[in-house]
**Q** 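Could you have a look at this structure, given as structure tokens, before my questions?
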Amino acid sequence: MPEAQSGLTRTAAHLHSTMKAAADGVGILLVDGFHYLALFAIGATTVWSALAAFCAMFAKGRAELSDILLLFIYLEIGAMVGIYFKTTRLPVRYLIYIAITALGRVLIEIGGAEHKTGEDLLVVAGAILVLSFAVLVLRFASHWDDPSDTPSHGRQFDRTC
């Protein structure tokens, strides 16, 4: 009887591991499929929005500084999507860069408004300072993990000079 029970236990354990492997495979397929679908949707939306903003600038006949900063925001979003697509890691620093650029746009709008106080300018400038400090902390904290943080990354120095 103990042999039959151990055979049943082995069969159950084998069925369990087979079922778990199949469920893990399906789960990974669904999660990765969702990630790729979402990345393509975000990328396409970013391109669409950037083109619409560019066409609006072209129709207006000029581009203001806030319009150019908006294009930089779209560029950073596109870079973030590209990095996530290649590495499956979300670079938090890019989100902070986007926030800094967006706050720069707000700062320009506050500076151009007639009824805003200097206090508003200080609050937005302080937020930019805090975010800049956060980028500095992240750069030092991720120095060992992120090869793009090394000073020579992507540069080729000519040693003959």
Side-chain angles (χ1 to χ4, degrees), residues 20 23-161:
K20 182 172 176 9
D24 286 346
V26 170
I28 290 171
L29 174 69
L30 292 175
V31 168
D32 285 350
F34 174 76
H35 279 160
Y36 288 129
L37 181 66
L39 284 173
F40 283 118
I42 292 169
T45 304
T46 302
V47 169
W48 177 31
S49 298
L51 284 174
F54 184 78
C55 289
M57 283 181 258
F58 191 74
K60 191 168 49 172
R62 61 183 160 74
E64 296 174 359
L65 184 57
S66 62
D67 296 329
I68 295 169
L69 288 174
L70 181 63
L71 291 178
F72 271 109
I73 290 172
Y74 290 135
L75 177 68
E76 290 297 326
I77 291 171
M80 191 172 60
V81 167
I83 288 171
Y84 187 79
F85 185 75
K86 290 179 182 177
T87 65
T88 65
R89 293 175 62 189
L90 183 64
V92 176
R93 281 187 293 145
Y94 281 83
L95 292 171
I96 297 174
Y97 295 149
I98 291 167
I100 290 172
T101 307
L103 285 173
R105 290 186 76 223
V106 169
L107 198 61
I108 291 168
E109 289 174 12
I110 289 174
E114 294 178 15
H115 302 293
K116 295 292 181 178
T117 64
E119 202 172 284
D120 296 331
L121 291 170
L122 286 176
V123 168
V124 175
I128 291 172
L129 182 66
V130 168
L131 288 172
S132 299
F133 183 71
V135 169
L136 182 68
V137 168
L138 284 173
R139 287 239 1 175
F140 281 117
S142 67
H143 178 70
W144 296 276
D145 295 339
D146 191 357
S148 67
D149 282 340
T150 58
S152 63
H153 177 72
R155 295 187 209 147
Q156 298 295 325
F157 293 111
D158 187 6
R159 302 211 185 258
T160 59
C161 294

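Since the model is a prediction, treat every value here as computed from it, not as a measurement.
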**Q** Are the side chains of Leu103 and Leu107 in touch, meaning some heavy atoms are under 4.5 Å apart?
**A**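 Not in contact.
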**Q** List the residues meeting side chain to side chain contact (heavy atoms under 4.5 Å, CB included) with Val106, not counting sequence neighbours, and say none if there are none.
**A** Ile110, Val124
**Q** Can you sort out the partners of Leu136 under side chain to side chain contact (heavy atoms under 4.5 Å, CB included), two or more places apart, ordered by chain and number?
**A**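 Scan of Leu136 (side chain to side chain contact (heavy atoms under 4.5 Å, CB included), adjacent residues dropped) gives Phe133, Phe140.
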**Q** Parallel, tilted or perpendicular, judged at 30° and 60°: which one describes the rings of Phe58 and Phe54?
**A**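 Correct class here is parallel.
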**Q** Rounded to the nearest 0.5 Å, what's the gap from CG on Leu129 to CD1 on Ile100? Could you check?
**A** 9.5 Å
**Q** Would you list the atom pairs, donor with acceptor, under 3.5 Å between side chains in residues 63-84 and any protein atom, with sequence neighbours excluded?
**A**
unit_1 : atom_1 : unit_2 : atom_2 : d
Glu64  : OE2    : Arg62  : NH1    : 2.5
Asp67  : OD2    : Lys60  : NZ     : 2.8
Asp67  : OD2    : Glu64  : N      : 3.1

**Q** How close do Ala99 and Leu131 get, heavy atom to heavy atom, and via which atoms?
**A** CB-CD1, 3.8 Å
